[in-house]
Amino acid sequence: MFQARIYVTLKRGILDPQGNAVKGALVSLGYRNVDEVRVGKYLVLSLAHSDRARAEKEVQEMCARLLANPVIEDYTFELEEVPQ
């Protein structure tokens, strides 16, 4: 069994209105040293695979087909074997 931790973020150069709103709120709270905020998604999936290569391939496909928009988003993931 594997657990995948997936991080999805907007690509550099893509406007991030939510990140800008968070930055503005942080600055208004007095955190004036915040230079940039980029907001993304964090997903955790449990996979009932015993083969690491198959699990990696499947997570890669899920990211490319559904979990991230490859036109505007980048993604990375970590795969960890977990005891059943």
Minimum heavy-atom separation for [X] and [Y], please, with both atom names.
{"X": "Tyr7", "Y": "Glu78", "value": "OH-OE1, 3.6 Å"}
{"X": "Val27", "Y": "Arg32", "value": "O-NH1, 3.3 Å"}
{"X": "Lys23", "Y": "Val34", "value": "CE-O, 3.5 Å"}

With sequence neighbours left out, the residues meeting ring-ring contact (aromatic ring centres under 6.0 Å, His included) with Tyr31 are none
Any [X] side-chain heavy atom under 4.5 Å of [Y] side chain:
{"X": "Leu43", "Y": "Val8", "result": "yes"}
{"X": "Ser46", "Y": "Met1", "result": "yes"}
{"X": "Leu47", "Y": "Met62", "result": "yes"}
{"X": "Asp16", "Y": "Arg38", "result": "yes"}
{"X": "Val59", "Y": "Leu67", "result": "no"}

Residues which pass salt bridge (charged side-chain N to carboxylate O under 4.0 Å, His left out) with Arg12, listed by chain and number, not counting sequence neighbours: Glu36
List for me each residue that meets salt bridge (charged side-chain N to carboxylate O under 4.0 Å, His left out) alongside Arg54, sequence neighbours excluded, and say none if there are none. none
For a side chain to side chain contact (heavy atoms under 4.5 Å, CB included) check, start with the C-alpha distance between Thr9 and Val39, then their side-chain angles and the critical distance, and finish with the verdict. CA-CA 7 Å; Thr9 57; Val39 174; over 6 Å; no
Could you grab the distance from atom [atom1] of [X] to atom [atom2] of [Y], nearest 0.5 Å is fine?
{"X": "Phe2", "Y": "His49", "atom1": "CZ", "atom2": "NE2", "value": "9.0 Å"}
{"X": "Glu61", "Y": "Leu66", "atom1": "CD", "atom2": "CG", "value": "12.0 Å"}
{"X": "Glu80", "Y": "Arg52", "atom1": "CD", "atom2": "CZ", "value": "8.5 Å"}
{"X": "Phe77", "Y": "Glu56", "atom1": "CZ", "atom2": "CD", "value": "5.5 Å"}

Take atom [atom1] of [X] as the centre, draw a 6.0 Å sphere, and report whether it contains more than 12 heavy atoms from other residues, nucleotides or ligands.
{"X": "Gln18", "atom1": "CD", "value": "no"}
{"X": "Leu15", "atom1": "CG", "value": "no"}
{"X": "Lys57", "atom1": "NZ", "value": "no"}
{"X": "Asn33", "atom1": "CG", "value": "no"}

Look at the side chain of Lys41 and the backbone N and O of Ala68, then say whether any donor-acceptor pair between them is shorter than 3.5 Å. no
Verify side chain to side chain contact (heavy atoms under 4.5 Å, CB included) between Leu10 and Ile72, making sure each step is shown before the conclusion. CA-CA 6 Å; Leu10 290 170; Ile72 62 169; 4.2 Å; yes
